[in-house]
Amino acid sequence: MMDDTRRKLIASARAAFAEKGFADTSMDDLTAAVGLTRGALYHNFGDKKGLFAAVVEQIDAEMASRARALAEAEDTVWSALLAEGCAYIEMALDPEVQRIVLRDGPAVLGDPAHWPSQNRCLDATRAAVAELRAAGILKPVDVEAASRLLNGAALNAALWVATCDDPATMLPKAQDAFRMLAGGLLVD
């Protein structure tokens, strides 16, 4: 029963946050839309911000899964790393991702580098960088530093694409720059 209540609240909140944004979403409206009360929201998530964090976590997990699937289709760890980063940047074109994760997310939840979902992305990047460095494909760079910079570059490129005036035009520019920056790590 509690899982069902949580699922209903997250689904209702996700639709409301995507349509109206965090600030303009009414807790009464989103709970009433699924036949629940504010008490159910407070019991399950603590407050509106807690519910928002659960929605961001769900969307971020879906984004990571989509990016990982694209990476798994690649032939090498290097091309997989680039594919995953470029896929993350491209998801900034999705209106739901734009609004909830990339625009409202940092405003409501603070620095994305501190979100659990972003740290899981960093873990995947770290593993790929360590493997590439061990194989001699990357210059002798610190794995942690390179991982954080690559992860941050993809995140900041996505933030830029999501908030610029013409995201579709900026996307290929952001992806090209990401590839070039990452390419600087390769052994000559």
Side-chain angles (χ1 to χ4, degrees), residues 14-15 17-22 55-133 135-139 141-188:
R14 186 169 173 165
F17 293 144
E19 180 185 337
K20 300 174 186 174
F22 179 82
V55 170
V56 168
E57 175 77 22
Q58 183 183 67
I59 295 170
D60 235 1
E62 291 168 6
M63 292 170 68
S65 179
R66 288 192 309 232
R68 212 171 17 258
L70 290 170
E72 288 171 0
E74 295 295 326
D75 295 337
T76 67
V77 175
W78 177 251
S79 60
L81 180 68
L82 293 179
E84 198 163 354
C86 287
Y88 188 86
I89 298 166
E90 186 172 353
M91 287 180 232
L93 296 180
D94 179 314
E96 183 181 56
V97 170
Q98 275 184 13
R99 182 87 180 248
I100 296 172
V101 176
L102 299 172
R103 290 184 180 188
D104 285 353
V108 175
L109 302 176
D111 183 358
H114 299 294
W115 301 353
S117 55
Q118 285 296 317
N119 286 318
R120 284 191 296 279
C121 291
L122 176 59
D123 291 341
T125 302
R126 190 182 295 115
V129 168
E131 185 177 341
L132 290 162
R133 183 159 180 254
I137 295 168
L138 297 185
K139 294 174 183 172
V141 63
D142 182 80
V143 170
E144 186 67 19
S147 301
R148 287 185 178 275
L149 291 172
L150 286 170
N151 202 55
L155 171 61
N156 280 292
L159 289 166
W160 175 54
V161 169
T163 58
C164 73
D165 291 335
D166 187 1
T169 299
M170 290 306 130
L171 175 66
K173 294 175 185 181
Q175 289 174 320
D176 287 345
F178 174 77
R179 284 186 203 95
M180 284 186 232
L181 285 169
L185 297 171
L186 291 171
V187 171
D188 297 325

Pair up each side-chain donor or acceptor in residues 59-67 with any protein partner under 3.5 Å, not counting sequence neighbours, and list the distances.
from, atom 1, to, atom 2, distance (Å)
Asp60, OD2, Ser117, OG, 2.4
Asp60, OD2, Gln118, NE2, 3.4
Glu62, OE1, Arg14, NH1, 3.3
Glu62, OE1, Arg14, NH2, 2.6
Glu62, OE2, Arg14, NH1, 2.9

TODO: Decide yes or no for Leu82 and Trp78: does some side-chain heavy atom of the first lie under 4.5 Å from some side-chain heavy atom of the second?
DONE: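 Of all side-chain heavy-atom pairs linking Trp78 with Leu82, at least one is under 4.5 Å.
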TODO: Report yes if some heavy atom in the side chain of Trp115 is under 4.5 Å from a heavy atom in the side chain of Pro106; otherwise report no.
DONE: yes
Distance-only check: which donor-acceptor pairs under 3.5 Å involve side-chain atoms of residues 121-129, not counting sequence neighbours?
from, atom 1, to, atom 2, distance (Å)
Asp123, OD1, Arg126, NH1, 2.7
Thr125, OG1, Cys121, O, 3.1
Arg126, NE, Glu144, OE1, 2.6
Arg126, NH2, Glu144, OE1, 3.4
Arg126, NH2, Glu144, OE2, 3.2

In residues 170-188, what donor-acceptor pairs under 3.5 Å come from side-chain atoms, sequence neighbours left out?
from, atom 1, to, atom 2, distance (Å)
Gln175, NE2, Cys86, O, 2.9
Asp176, OD1, Arg179, NH1, 3.0

- [ ] Taking all non-hydrogen atoms of both residues into account, name the closest pair between Asn119 and Ala113 and its distance.
- [x]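 In this case the closest contact between Asn119 and Ala113 is OD1-O, 3.3 Å.
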Task: Short side-chain to backbone donor-acceptor contact, Arg68 and Glu84, under 3.5 Å - done: no
TODO: Verify the neighbour count for atom CD of Glu96: are there more than 12 heavy atoms of other residues, nucleotides or ligands below 6.0 Å?
DONE: yes
- [ ] Calculate, to the nearest 0.5 Å, the distance between atoms CG and CG belonging to Leu155 and Leu150 respectively.
- [x] 12.5 Å
- [ ] Mind checking the OG-CG spacing from Ser147 to Leu81? Nearest 0.5 Å is all I need.
- [x]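 Between Ser147 OG and Leu81 CG, I get 8.5 Å after rounding to 0.5 Å.
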Open item on the list: The criterion is salt bridge (Lys or Arg N to Asp or Glu O under 4.0 Å); which residues satisfy it with Glu90, sequence neighbours excluded?
Closed with: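 Expected list: none.
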Task: Arg120: salt bridge (Lys or Arg N to Asp or Glu O under 4.0 Å) partners, not counting sequence neighbours - done: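 Counting only residues at least two positions away or on another chain, Arg120 forms a salt bridge (Lys or Arg N to Asp or Glu O under 4.0 Å) with Glu57.
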Considering only distance and modelled atom types, tabulate donor-acceptor pairs under 3.5 Å from the side chains of residues 97-104, sequence neighbours left out.
from, atom 1, to, atom 2, distance (Å)
Gln98, NE2, Ala92, O, 2.8
Arg99, NH1, Glu19, O, 3.3
Arg99, NH2, Lys20, O, 2.7
Arg103, NE, Ala162, O, 3.2
Arg103, NH2, Ala162, O, 2.6
Asp104, OD2, Phe22, N, 2.7

